[in-house]
Amino acid sequence: MNRFVKLGFALSLFLFGTGFSVFSQNIDDYAIIPLPKSMVPVKGYFVINQKTVVAAPKILNSDASLFADMLKELYGLKLNVYDEATKINFIRMKLNPTLKPDAYSLVVNASNVEIVGGKNGVFYGLQTLLQLVKSDSAGQLRIPCVNIMDEPRFGWRGMHLDVSRHFFPKAFIKKYIDYLAAYKMNTFHWHLTDDQGWRIEIKKYPKLTQIGGWRKGTLIGHSSSERFVSDSVAYGGFYTQEDIREIVAYAEARHITIVPEIEMPGHAMAAISAYPFLSCSGKQIEVEQTWGVFEDVFCTKDSVFGFLENVLTEVMGLFPGTYIHVGGDECPKVAWKKCPVCQARIKELGLKDEYELQSYFIKRIEKFLSKHNRKLIGWDEILQGGLSASAAVMSWQGVEGGIAAAKQGNYVVMTPGSHCYFDHYQGDPTNEPLAIGGYTTVEKVYSYEPIPAELTTEQQKYILGAQGNLWTEYVGSEKQVEYMIFPRMCALSEVVWSPKEGKNYSDFRSRLLKHFHLFDKKGIHYAKSIFEINKNVIADTIKNQLSLELTQVFPSGDLYYWIEDENGYISERQKYVTPIVVKNSCTIFAESRDDNEVLKNYVVQKFYLTKSSGASVRLTNPPSDKYNYKSPYTLVDGVSGSIPWNGKEWLGFVDTPMEALIDLGKVIDVSEVLIHALKAEASWIYLPKVVRVEVSVDGEEYVKLGELNESEITQMGRMIKVKNNQLKARYIKVYVEGLGLIGKGRAGEGHNAWLFISEIGIE
Ligand code: TNX
């Protein structure tokens with residue numbers, strides 16, 4: 001029997017035994033995340049008032065005070081903390097060193113509350129208790145009676161934060177740690193260095209933060225855009241060693257271990273800009289302003305190891321945890337291939353290639369760390385060329401790295417991009433703020449199972465747990481950090497804490513709604529993407545009509561919409577019943593909300609209508625299977641593809657030209673054809689080489705409306721216009737030929753360029 005059934009069963013026993021009037025408990029009162037291992041609701045409430053005493057032995061004083069502070073912050077009631085309990089009306093905690101360190105029991109009855117736990121367990125019991133507190137309509141604080149026995153499924157319950165791409169001040173790091181603690185996460189992976197900024201003070205090398213902590217600007221928009229444009233605003237910051245000590249102590253009080261990451265041998269441009277001798281060429285470079293993978297990496301000469309050992313010595317002095325993360329990911333081998341020192345090293349050690357040189361690099365650092373009783377952890381690329389037994393691996397490129405590592409007896413933390421990357425979109429990209437890409441919904445995170453089926457019971461022991469990663473290329477504000485982790489971190493907390501058998505997404509979702517109230521109380525800017533309103537543009541080519549269909553998966557409440565026309569006139573808000581017919585260019589706004597205004601969400605859809613909108617269209621060659629969303633109607637749906645692009649609004653062609661035949665239904669005046677093409681060269685998407693438009697009255701004899709060559713197209717950019725004097729036409733043939741083979745030195749060199757078209761407008 002799973003936990004939910006058990007819980008429901010216990011509740012129904014009460015309901016039948018006592019009648020509704022006496023037993024006012026309701027399943028919503030027990031909306032705990034992560035779901036405890038076992039929980040039995042009991043009739044009645046414990047009421048917290050001014051006289052309630054928090055009783056804790058000295059050793060638990062810090063936990064008890066944190067609980068009292070949190071209660072004050074959330075509900076305005078400050079309780080006193082004493083060593084001893086009073087006779088009744090107390091919340092008492094006890095340490096039981098024979099329990100597993102993270103385990104606890106929590107018993108709430110009408111006269112008192114008792115938590116007994118292992119080293120960390122009492123703190124977790126208090127987090128559960130905080131989630132159970134409710135302020136009733138009379139303002140009284142109540143905790144529903146319950147018996148809970150709880151312990152986590154995994155020992156590594158991690159959350160990562162990249163502070164290099166964007167820097168977050170000490171006060172926010174503390175907040176982030178509080179967020180983790182509230183959901184019983186116990187590991188904070190702090191990504192402190194990367195190409196775009198070095199964020200940890202190292203006394204021996206002050207330039208690391210003086211120079212490496214600052215960049216001259218930051219990329220505007222998305223790195224897949226056609227051109228790099230910097231905002232030219234100096235950006236940076238770092239943590240002093242004093243800051244770090246303060247944060248480490250803050251985390252420790254919340255039973256969180258910090259795993260610092262010092263990236264090597266790649267993602268090292270900030271360090272190299274401060275000390276150019278660290279690279280193979282020794283050339284002066286600058287702290288990077290855009291995102292990606294870069295060729296300037298640490299050289300493998302001895303002086304670099306000397307430098308890194310000095311850095312790591314200071315790092316170990318600041319962070320008491322066992323693991324030190326050394327990155328190891330995405331290290332291009334270009335510089336090493338050209339470097340005489342690296343090549344001599346390969347020869348001298350009899351290594352096969354540069355991949356084995358990377359392995360040598362990591363193993364050498366690993367030896368140094370283990371001499372100091374620390375363990376190395378790195379991204380799964382550290383498996384390349386062999387890995388020493390005591391190193392641990394973070395599997396990010398999928399689960400294969402994790403499987404391989406566990407099979408060879410290395411410990412593993414699972415962080416696959418598919419489920420654990422919180423920098424990805426969590427809803428339809430057209431409804432979400434700009435993100436790096438991907439699509440990782442709350443439900444997807446929730447569905448994650450950290451133990452790969454491929455492992456034997458013995459090998460499974462090497463899976464330490466899982467972790468959510470927040471890379472911050474597109475996360476520039478504290479609010480955006482909150483948005484990206486809430487509520488996906490809550491889903492992950494249940495993956496790593498709760499028993500696998502009890503998992504149930506729709507139950508989780510209903511508990512999550514209660515937590516949204518808590519987020520509101522705490523002022524957290526969280527994502528409401530689970531209430532996403534899905535937009536679907538329907539091109540009805542028989543009626544020559546466009547309409548917008550709106551749906552939402554959850555909740556099933558009412559939807560409202562209003563329309564702003566081209567002149568800025570805004571219609572009245574109306575209830576959505578059937579797809580909205582779009583007659584003119586306009587912007588449609590839609591909203592869902594419940595009575596409490598918690599479940600509200602909002603979408604916008606712009607339409608730019610022309611004579612081709614909703615017209616019948618055929619393609620001679622189909623687009624590629626990868627980019628054929630609603631082909632061919634995407635071309636006449638009145639919606640221009642967004643930038644950065646996503647797969648939903650563009651048709652992609654790679655080996656064939658696009659030839660579209662549009663039937664306008666009747667003969668009309670035509671003077672201009674607009675082709676909306678994409679230029680995103682980093683993704684191998686190039687503007688076309690030839691555009692030709694022919695028109696016909698009868699569909700048999702065609703006359704040329706116009707033709708453009710490559711240089712004319714380049715000048716126009718992505719809005720390609722073919723103009724002529726007014727012609728009479730019903731049929732329009734649009735021929736667009738892609739660039740073909742990509743030339744030397746351009747992204748995707750030697751491959752066929754992609755041609756992406758989102759819309760063909762006719763005026
Ligand atoms: C890959 S994950 C990286 C990071 C980026 C991230 C963006 C990993 C080990 N390396 O440098 O920030 O993708 O999702």
Side-chain angles (χ1 to χ4, degrees), residues 158-168 189-199 215 218-219 221-224 259-272 287-298 323-332 358 361-362 376-384 387 391-402 405 412-426 429 432-440 444-445 466-476 480-481 483-485 488 492 644 646 682-683:
M159 280 295 291
H160 151 289
L161 182 65
D162 166 11
V163 295
S164 171
R165 274 58 177 268
H166 281 102
F167 176 73
F168 301 95
H189 172 171
W190 202 3
H191 184 79
L192 287 160
T193 73
D194 213 301
D195 298 307
Q196 297 80 4
W198 183 283
R199 308 277 177 234
R215 58 177 181 252
T218 303
L219 168 82
H222 200 273
S223 63
S224 66
V259 176
E261 180 179 351
I262 306 295
E263 270 269 16
M264 61 188 81
H267 287 292
M269 286 174 71
I272 296 169
V287 179
E288 188 51 60
Q289 300 184 36
T290 183
W291 324 122
V293 174
F294 305 94
E295 290 174 4
D296 289 295
V297 303
F298 287 138
Y323 282 104
I324 304 286
H325 203 299
V326 300
D329 60 309
E330 301 178 325
C331 178
Q358 154 131 353
F361 196 114
I362 299 294
L376 176 145
I377 185 162
W379 301 109
D380 53 34
E381 285 96 327
I382 66 171
L383 286 159
Q384 292 169 5
L387 182 64
V393 173
M394 260 185 193
S395 189
W396 74 278
Q397 299 183 90
V399 295
E400 294 71 24
V412 177
V413 175
M414 300 302 284
T415 66
S418 54
H419 295 75
C420 297
Y421 268 45
F422 295 171
D423 57 338
H424 289 180
Y425 284 107
Q426 53 192 312
E432 292 285 327
L434 179 67
I436 196 162
Y439 184 63
T440 305
K444 187 152 187 205
V445 176
Q467 179 175 293
N469 292 338
L470 186 58
W471 301 99
T472 57
E473 288 95 331
Y474 300 92
V475 182
Q480 193 59 14
V481 171
Y483 185 89
M484 299 309 266
I485 69 164
R488 286 187 284 196
L492 184 68
N646 69 71
S683 309

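Values reported hereafter were calculated over all heavy atoms of this structure, with side chains retained and with hydrogens, waters and symmetry mates removed. Whatever order the structure lists ligands and atoms in, that order sets their numbers, starting from 1.
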| request: Give me the one residue out of W379, W471, W396 that meets ring-ring contact (aromatic ring centres under 6.0 Å, His included) with H189. | output: W379

| query | List by chain and number: which residues place a heavy atom under 4.0 Å from ligand 1? | reply | R165, H267, D329, E330, W379, W396, Y421, D423, I436, W471, E473

| If every non-hydrogen atom of F167 is compared with every non-hydrogen atom of R199, which pair is closest and at what distance? | CD1-CD, 3.4 Å

| remark: Residues at least two apart in sequence or cross-chain that pass side chain to side chain contact (heavy atoms under 4.5 Å, CB included) with P416, listed by chain then number, are V399, M414, S418, C420, Y448

| message | Suppose we screen for ring pair (Phe, Tyr, Trp, His ring centres under 6.0 Å). Which residues come up paired with F294, at least two apart in sequence or across chains? | response | none

| field | Residue list, salt bridge (charged side-chain N to carboxylate O under 4.0 Å, His left out) with D162, at least two apart or on another chain | value | R165

| task | Supply the atom-to-atom distance H166 NE2 to L470 CG, rounded to the nearest 0.5 angstrom. | result | 11.5 Å

